[in-house]
Amino acid sequence: MTDLFAEARELDARDPLAGHLDAFVDAPGVSAYLDGNSLGRPLRELPDRLAAFIAGDWGTRLIRSWDEQWMDLPTALGDRIGALCLGAAPGQTVVADSTTVLLYKLIRAAVDARPDRSEIVVEEGNFPTDRFIAEGVATERGLTLRWVSPDPVAGVQVTDIEAAVSDRTALVVLSHVDYRSGALADMSAITDAVHDAGALMLWDLCHSAGVIPTELDACEVDLAVGCTYKYLNGGPGSPAFAYVAARHHGVLRQPVQGWMGAGDVFAMGSSYTPGAGIRQFISGTPPVLGMLAMQGMLDLIEQAGIVAVREKSKTLTDLAVRAFDLELAPLGVRLLSPREATDRGGHVTIGHPDFAEVTRTLWADGVIPDFRYPDGIRLGLSPLSTSHAEALRGVFAVRDALA
């Protein structure tokens with residue numbers, strides 16, 4: 001125990017991102033917050049940002065703010081996320097709607113662009129929203145779902161996809177980081193395999209945006225969707241983002257034809273003509289209030305650099321795995337994540353039959369991990385808001401609660 005905590009203190013002393021820990025709101029009564037991969041903590045500057053917005057942008061400028069800034073906010077903020085986190089050139093990313101709605105738009109647009117193909121390839125253990133939306137679109141369009149069944153810890157491998165795709169495949173939908181195990185998929189190799197089959201590739205970035213340097217353009221990804229309330233700290237219900245590669249603009253046509261995606265928003269035309277570029281993937285009025293909190297987090301990521309964020313993510317999760325080996329494995333706990341940091345995202349999952357009850361005990365004691373059915377606890381370690389000592393306190397609290 002002493003050696004691990006000494007190591008944690010040393011890592012924190014050498015942490016180049018340690019100065020950002022104080023940027024987040026304190027949570028009285030919480031000694032370890034291990035759920036940043038589900039809901040990021042709010043920043044201290046948020047009340048001032050909200051007050052300035054209410055007094056100025058909304059309260060003083062009133063409806064004039066639409067012309068002055070709000071109309072362009074979805075694409076401007078999308079470009080910023082693209083540049084800082086996604087490896088995406090400007091004009092390809094937009095903030096709008098929820099993850100669910102954007103998945104529907106992009107999945108539906110993709111399969112409609114491949115009318116001679118009849119299958120959507122989906123991983124059978126992917127997050128329910130991804131599976132449910134794919135199932136719904138398949139029903140609407142008379143398509144077949146082809147399920148991929150990868151190793152539950154290692155996650156989807158390129159060989160799994162190569163065996164599943166064919167000249168019938170219209171679209172492949174996968175998560176970059178598995179929401180259960182944290183397994184990190186090989187985006188480049190898998191995307192290449194999908195393209196070799198003539199299909200389109202859609203990546204769910206919900207568990208990688210803001211913690212994993214992603215190269216959508218370099219990997220020639222077609223489509224991507226991600227949320228902003230995890231590692232981008234946008235707050236509960238903050239809007240998602242969609243990426244559509246520039247080569248598909250004017251080719252893919254999104255199915256929810258709202259007025260904000262029209263070519264001339266204020267023409268009030270008798271029929272729909274899509275806007276140019278990524279803007280056509282907006283449907284309704286942008287959720288301007290919901291876009292405020294994430295802007296402060298993007299400032300922090302810009303200061304820190306996404307590569308440095310990723311390096312700290314590795315040291316945090318490595319420390320958690322070493323603590324698992326020493327303190328939890330002897331108690332019958334199983335490691336449900338890849339052992340190597342390069343193979344996983346920002347969380348470590350561990351399993352034990354008693355973890356549902358253990359989680360209730362931990363929450364009551366101010367240690368907040370995340371339980372996932374049937375018997376997994378996820379240790380979500382958001383690098384800018386989590387110290388190594390805090391991560392270690394969480395692991396030891398699991399040991400104590402289990403004992």
Side-chain angles (χ1 to χ4, degrees), residues 17 19-28 36 39-86 88 90-99 101-102 209-210 226-243 258-268 275-306 309 382 384-385:
L17 306 184
H20 295 301
L21 294 172
D22 289 336
F24 298 87
V25 173
D26 288 331
L39 180 66
R41 301 174 72 157
L43 274 70
R44 293 184 189 274
E45 57 96 58
L46 183 56
D48 290 339
R49 185 182 292 270
L50 288 169
F53 175 84
I54 293 168
D57 297 353
W58 184 8
T60 300
R61 300 311 297 163
L62 297 167
I63 201 168
R64 292 173 291 184
S65 281
W66 280 111
D67 292 324
E68 294 167 356
Q69 56 176 307
W70 294 342
M71 289 293 287
D72 293 329
L73 188 58
T75 52
L77 196 52
D79 282 348
R80 194 167 187 219
I81 293 171
L84 293 176
C85 304
L86 309 181
Q92 301 178 103
T93 310
V94 67
V95 176
D97 308 311
S98 66
T99 305
V101 172
L102 290 178
C227 67
T228 63
Y229 46 77
K230 301 182 189 299
Y231 298 109
L232 296 182
N233 300 64
S238 60
F241 63 83
Y243 165 92
W259 78 300
M260 276 286 179
D264 186 343
V265 173
F266 293 104
M268 306 301 176
I278 192 64
R279 190 167 190 91
Q280 71 167 284
F281 288 90
I282 303 175
S283 296
T285 303
V288 175
L289 273 169
M291 297 183 195
L292 287 179
M294 74 179 81
Q295 295 180 45
M297 189 61 177
L298 291 173
D299 290 342
L300 288 190
I301 292 174
E302 185 171 23
Q303 294 168 28
I306 191 65
V309 172
S382 187
L384 289 175
S385 61

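- Among residues two or more places apart in sequence or in another chain, the side chain to side chain donor-acceptor pair (under 3.5 Å) test is passed with Y231 by none.
- With contacts defined as side-chain heavy-atom distances shorter than 4.5 Å, the pair C85/L232 qualifies.
- Side-chain contact between R41 and V25: absent, with no pair of heavy atoms (C-beta onward) separated by less than 4.5 Å.
- More than 12 heavy atoms of other residues, nucleotides or ligands sit less than 6.0 Å from atom CH2 of W259.
- L86 has its side chain within reach of F241: a pair of non-hydrogen atoms, C-beta onward, lies under 4.5 Å apart.
- Looking at residues two or more places apart in sequence or on another chain, you find a ring-ring contact (aromatic ring centres under 6.0 Å, His included) between W66 and W70.
- Heavy-atom minimum distance, M291 versus P239: CG-CG, 3.9 Å.
- For CG of L62, the number of neighbouring non-hydrogen atoms (other residues, nucleotides, ligands) closer than 6.0 Å is greater than 12.
- Residues passing the side chain to side chain donor-acceptor pair (under 3.5 Å) test with R61 are E68, sequence neighbours excluded.
- Here the OG1 atom belonging to T285 is positioned 9.0 Å from the CE atom belonging to M71, to the nearest 0.5 angstrom.
- Side chains of M268 and F266 form a contact here, defined as non-hydrogen atoms less than 4.5 Å apart.
- Separating the NE2 atom in H20 from the OG atom in S385 is a distance of 11.5 Å, to the nearest 0.5 Å.
- Atom CG in L77 sits 12.0 Å away from atom CG in D72 (nearest 0.5 Å).
- Contact of the Q295 side chain with the L73 side chain is registered, since non-hydrogen atoms from C-beta on lie closer than 4.5 Å.
- Considering only heavy atoms from C-beta on, D67 stays 4.5 Å or farther from R64 through its side chain.
- Not counting sequence neighbours, the partners of S238 by the side chain to side chain donor-acceptor pair (under 3.5 Å) test are T228.
- Contact of the F53 side chain with the L289 side chain is registered, since non-hydrogen atoms from C-beta on lie closer than 4.5 Å.
- With rounding to the nearest 0.5 angstrom, the CG atom of L300 is 5.0 Å from the CG atom of L43.
- Expressed to the nearest 0.5 Å, how far OH of Y229 lies from CG of L39 amounts to 9.0 Å.
- No side-chain heavy atom of V94 sits under 4.5 Å from any side-chain heavy atom of L102.
- Between M260 and R279, the shortest heavy-atom contact is O-NE, 3.8 Å.
- Note that the CG atom of N233 and the CD1 atom of I301 stand 7.5 Å from one another [nearest 0.5 Å].
- Pairing each heavy atom of G226 with each of A240, the nearest pair is O-CB, 3.1 Å.
- In terms of the side chain to side chain donor-acceptor pair (under 3.5 Å) criterion, residue partners of E45 (sequence neighbours excluded) are, by chain and number, R49.
- Of all non-hydrogen atoms in L21 and L384, the two that sit nearest each other are CD2-O, 3.6 Å.
- Scanning all heavy atoms of the two residues, the minimum distance from G284 to I282 falls at O-CG2, 3.6 Å.
- When all heavy atoms are compared, the tightest approach of A304 to L17 is CB-CD2, 3.6 Å.
- Shown here are the salt bridge (Lys or Arg N to Asp or Glu O under 4.0 Å) partners of D26, two or more places apart in sequence or in another chain: R44.
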